[in-house]
Amino acid sequence: MLRLSTLALVSVLALAACQQPQPQLGPDGQPLPVAYKITPREEAEIPGRVLGQINALRANVAAPAMMQSPMLDAAAKVHARDMAAQNRAWHFGSDGSSPLDRVRRQGYSGHLVGENISETYENEITTLNAWMQTRDTRDVIMDPRATEFGIGWYQEPSGKIWWVLITGGAGGAPTAMAGGFAPGAGI
């Protein structure tokens, strides 16, 4: 009897282990995407991952490595939250501010190269990959004049993430951007 009970228990455990949660399927029969959730641990790791990926990409074309700028980070974070409040991914703030205005407000003393923006449910590496697929947004990342970057995001309770990447060059006063943000670019 003990042997039969043990065998039954082993069988139940084996069946339970085989039953993995099935992904929810969309109308096309494909699994629905699961929103990426930014945890406190992820928040601390995202900038380093973005920096590593960007510098690896830039090394392939002999562009100088970039460094993270706290002032560009601050400008990116403010704009990410503002885009969420406006419920639209675009380069102008709810107060009419441009990327140049926003980096000046944060005290950035370099020149602005460009700004990339995104509205997605995906992580920073997938978003970076999407930016690399389009010439205007790729140019913001790969421009050899860019030596500093800032990354910011805001995640809504629904899971939607508003991403902003700003690139700049050390030294000199902020100037009009070339390549990246040009009106209509960078989404």
Side-chain angles (χ1 to χ4, degrees), residues 33 35-38 42-43 46-47 49-51 53-55 57-58 63 66-187:
Y36 169 67
K37 178 65 177 148
I38 300 174
E42 292 287 311
E43 285 193 25
I46 288 170
R49 286 195 301 250
V50 171
L51 178 62
Q53 290 293 312
I54 287 175
N55 284 339
L57 292 165
R58 291 170 61 88
M66 281 204 263
M67 295 178 15
Q68 190 174 357
S69 163
M71 289 172 274
L72 294 179
D73 281 346
K77 288 175 185 172
V78 166
H79 191 53
R81 184 172 283 276
D82 190 45
M83 287 191 309
Q86 296 179 70
N87 197 33
R88 87 189 264 186
W90 73 326
H91 294 284
F92 295 96
S94 56
D95 61 357
S97 62
S98 70
L100 184 58
D101 296 328
R102 291 189 294 277
V103 300
R104 282 185 177 147
R105 285 181 193 157
Q106 297 301 326
Y108 186 68
S109 62
H111 63 275
L112 184 59
V113 174
E115 174 181 80
N116 288 345
I117 58 176
S118 180
E119 171 188 1
T120 185
Y121 289 88
E122 298 172 326
N123 70 22
E124 73 284 356
I125 301 303
T126 304
T127 302
L128 180 60
N129 184 49
W131 286 332
M132 290 301 291
Q133 302 306 310
T134 304
R135 189 181 138 245
D136 289 339
T137 52
R138 181 177 51 246
D139 288 351
V140 169
I141 296 163
M142 301 302 286
D143 191 316
R145 295 172 300 162
T147 57
E148 298 177 305
F149 86 101
I151 184 82
W153 62 88
Y154 175 74
Q155 186 163 34
E156 296 179 352
S158 69
K160 183 189 294 185
I161 307 170
W162 302 84
W163 293 102
V164 178
L165 176 98
I166 301 174
T167 60
T175 58
M177 294 165 283
F181 154 76
I187 294 178

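Only heavy atoms go into these numbers, but all of them, side chains included; no hydrogens, no water, no symmetry mates.
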Reported CD1-to-CG distance for the pair Ile117 and Leu165, which is rounded to 0.5 angstrom
11.5 Å

Within this structure, what is the OG1-CD1 distance for the pair Thr120 and Ile161, rounded to the nearest 0.5 Å?
7.0 Å

Do Arg145 and His111 have side-chain heavy atoms sitting under 4.5 Å apart?
yes

Answer yes or no: is there a donor N or O on one side and an acceptor on the other, between the side chain of Thr147 and the main chain of Ala170, under 3.5 Å?
yes

Criterion side-chain contact (heavy atoms from CB on, under 4.5 Å) on Glu43 and Trp153, from CA distance to verdict
CA-CA 9 Å; Glu43 285 193 25; Trp153 62 88; 4.0 Å; yes

Test item: Leu72 and Glu148 side chains (from C-beta on) under 4.5 Å apart, heavy atoms:
yes

State, to 0.1 Å, how close Met66 and Ile141 come at their nearest heavy-atom pair, and which atoms those are.
CE-O, 3.5 Å

Return the minimal non-hydrogen interatomic distance between Tyr154 and Ala80, and the atom names on each side.
N-CB, 3.8 Å

How far apart are the closest heavy atoms of Met142 and Arg58, and which atoms are they?
C-NH1, 3.5 Å

Would you check, one step at a time, whether the test side-chain contact (heavy atoms from CB on, under 4.5 Å) holds for Val164 with Glu115?
CA-CA 7 Å; Val164 178; Glu115 174 181 80; 3.9 Å; yes

Do Gln155 and Lys37 come close enough that some side-chain heavy atom pair is under 4.5 Å?
yes

side-chain contact (heavy atoms from CB on, under 4.5 Å) between Trp163 and Val50, intermediate numbers included:
CA-CA 12 Å; Trp163 293 102; Val50 171; 5.9 Å; no

At their closest point, which heavy atom of Thr137 faces which heavy atom of Trp131, and how far apart are they?
OG1-O, 2.5 Å

Quick one: pull up CD1 in Ile166 and CG in Leu112 and give me the separation to the nearest 0.5 Å.
7.0 Å

Between atom CG of Leu100 and atom CZ of Arg105, what is the distance when rounded to the nearest 0.5 Å?
10.5 Å

Minimum heavy-atom separation for Gly152 to Ala76, with atom names?
N-CB, 3.4 Å

Can you check side-chain contact (heavy atoms from CB on, under 4.5 Å) on Phe92 and Gln86, steps first, answer last?
CA-CA 10 Å; Phe92 295 96; Gln86 296 179 70; over 6 Å; no

Can you tell me how far apart OG (Ser97) and NE2 (His91) are? Round to the nearest 0.5 Å.
12.5 Å

Take Asn129 and Thr126, measure what side-chain hydrogen bond (donor to acceptor under 3.5 Å, both in side chains) needs, and give me the verdict at the end.
CA-CA 5 Å; Asn129 184 49; Thr126 304; over 6 Å; no

So, Glu156 and Trp162: side-chain donor and acceptor under 3.5 Å apart, yes or no?
yes

Salt bridge or not for Arg135 and Asp139, using N-O below 4.0 Å?
yes

Does Arg49 have more than 12 heavy atoms from other residues, nucleotides or ligands lying within 6.0 Å of its CZ?
yes

Locate the shortest heavy-atom distance separating Gln106 from Ala74; write the atom from each residue and the value.
OE1-CB, 3.3 Å

Between CG on residue Asn116 and CZ on residue Phe149, distance to nearest 0.5 Å:
12.0 Å

Indicate whether any N or O donor in one side chain lies under 3.5 Å from an N or O acceptor in the other, for Ser98 and Asp101.
yes

